[in-house]
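The figures here come from the full heavy-atom set of this structure, side chains too, leaving out hydrogens, waters and symmetry mates. The chains referred to below are lettered A, B, ... by the order of the sequence lines, with proteins before strands, and numbering in each begins at 1.
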Amino acid sequence: MASKRKLGTKNFYDLVYDVVKKIPKGRVTTYGHIAIMLGNPRAARAVGYALNALKKGSENKIPWQRVINAKAEISFKGDPLRSGLQKKILETEGVFFDKKSGKTDFNKYGWFPIK
DNA sequence: ATCGTGACGAACG
DNA sequence: CCGTTCGCCACGA
């Protein structure tokens, strides 16, 4: 119940969280791909918006850190502090970033189930 | 219903 | 490769 809603109806947020929860440990995906799985290839922004709305308690059960942008980098504009945390968590899970470019390897850690 | 906003993305130059 | 511009979408005021 990430957000209020009538029983049986889900907000876009909830759909996003649902997909994010399915991302396997040690893998990462992009906002855009999540949007695709939701049936809205153009809703990448909305996906990011949804993750931004995560509460402190929710982040405990939702692996938001496994969602990065199409450039394979950590996004997080607002809080550089959190972005550093995200990278750290991912490294703990086995997802590493190139120290120079700050990018990871989708070929190894990418999770893009076509649906 | 309309407007402003934003963890995006693809297209340009 | 880098910065800019434009398009898309859902949400809250």
Side-chain angles (χ1 to χ4, degrees):
Chain A
M1 52 214 21
S3 46
K4 305 184 201 171
R5 46 156 159 74
K6 282 186 171 183
L7 202 62
T9 62
K10 286 194 170 186
N11 291 330
F12 191 81
Y13 281 20
D14 294 315
L15 295 176
V16 171
Y17 303 150
D18 217 28
V19 174
V20 174
K21 288 178 191 171
K22 294 173 185 172
I23 304 175
K25 183 180 179 185
R27 297 289 167 80
V28 293
T29 191
T30 66
Y31 304 95
H33 194 80
I34 290 178
I36 292 175
M37 288 191 286
L38 295 181
N40 298 302
R42 322 276 177 201
R45 297 192 75 167
V47 173
Y49 199 75
L51 293 183
N52 183 43
L54 278 177
K55 307 298 184 205
K56 191 176 181 183
S58 304
E59 65 183 19
N60 194 36
K61 27 186 186 176
I62 298 179
W64 56 273
Q65 68 274 13
R66 293 173 193 158
V67 186
I68 58 183
N69 62 24
K71 297 172 198 146
E73 302 176 322
I74 306 291
S75 278
F76 252 130
K77 291 185 174 179
D79 249 312
L81 241 57
R82 299 251 193 249
S83 65
L85 175 65
Q86 178 172 13
K87 184 179 175 186
K88 184 179 179 183
I89 296 176
L90 287 175
E91 290 182 339
T92 301
E93 296 186 350
V95 179
F96 301 98
F97 292 79
D98 181 82
K99 192 172 185 205
K100 189 172 184 178
S101 65
K103 297 182 180 180
T104 188
D105 190 349
F106 278 148
N107 197 32
K108 286 184 177 181
Y109 316 111
W111 184 74
F112 307 102
I114 311 297
K115 187 177 181 195

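At a threshold of 4.0 angstrom between heavy atoms, the contacts of A/Ser83 with the nucleic acid are absent. Counting any heavy atom pair closer than 4.0 Å across all strands shown, A/Tyr31 reaches a base atom. A/Asn69 comes within 4.0 angstrom of the backbone, heavy atoms only, and of no base.
Residues satisfying the side chain to side chain donor-acceptor pair (under 3.5 Å) criterion with A/Thr104, sequence neighbours excluded, are absent altogether. Judged as a side chain to side chain donor-acceptor pair (under 3.5 Å), and not counting sequence neighbours, the contacts of A/Asn69 are A/Ser75.
Rounded to an integer number of Å, the gap from NZ of A/Lys71 to P of C/dT4 is 12 Å. Going from atom CZ of A/Arg66 over to atom C1' of B/dA7 covers 17 Å, rounded to whole Å. Here the P atom of nucleotide B/dA7 and the CG atom of A/Leu90 are 18 Å apart, to the nearest Å. Rounded to an integer number of Å, the gap from A/Phe76 CZ to B/dC8 C1' is 14 Å. Counting to the nearest Å, the C1' atom of C/dG3 and the NZ atom of A/Lys77 are 12 Å from each other. Rounded to an integer number of Å, the gap from A/Ile62 CD1 to B/dA7 P is 18 Å. Atom P of nucleotide B/dC8 and atom CG of A/Leu51 are separated by 10 Å, given to the nearest angstrom. Residue A/Asp98 contributes atom CG, which lies 12 Å from atom P of C/dC1 at whole-angstrom precision.
No option in A/Glu93, A/Arg27, A/Gln86 other than A/Glu93 meets the side chain to side chain contact (heavy atoms under 4.5 Å, CB included) test with A/Arg66.
No side-chain heavy atom of A/Tyr17 sits under 4.5 Å from any side-chain heavy atom of A/Trp64. Contact of the A/Leu90 side chain with the A/Ile74 side chain is registered, since non-hydrogen atoms from C-beta on lie closer than 4.5 Å.
With hydrophobic clusters built from ILVMFWY side chains whose heavy atoms lie under 4.5 angstrom apart, A/Ile36 does not share a cluster with A/Trp111.
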Item to complete: Step by step, work out the side chain to side chain contact (heavy atoms under 4.5 Å, CB included) result for A/Tyr49 and A/Phe12.
Response: CA-CA 10 Å; A/Tyr49 199 75; A/Phe12 191 81; over 6 Å; no

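Taking 3.5 Å as the limit, the base of C/dA10 and the side chain of A/Tyr49 contain no donor-acceptor pair of atoms between them.
For A/Ala46, whose side chain is taken as the heavy atoms from C-beta onward, the closest listed nucleotide among C/dC11, C/dC9, B/dG9 is C/dC9.
Applying the 4.0 Å criterion to OP1 and OP2 of B/dC8, one finds that A/Ser75 has a side-chain N or O inside that range.
Only A/Gly32, A/Ala44, A/Arg45, listed by number, bring a heavy atom of residues 32-45 of chain A to less than 4.0 angstrom from any atom of DNA chain B.
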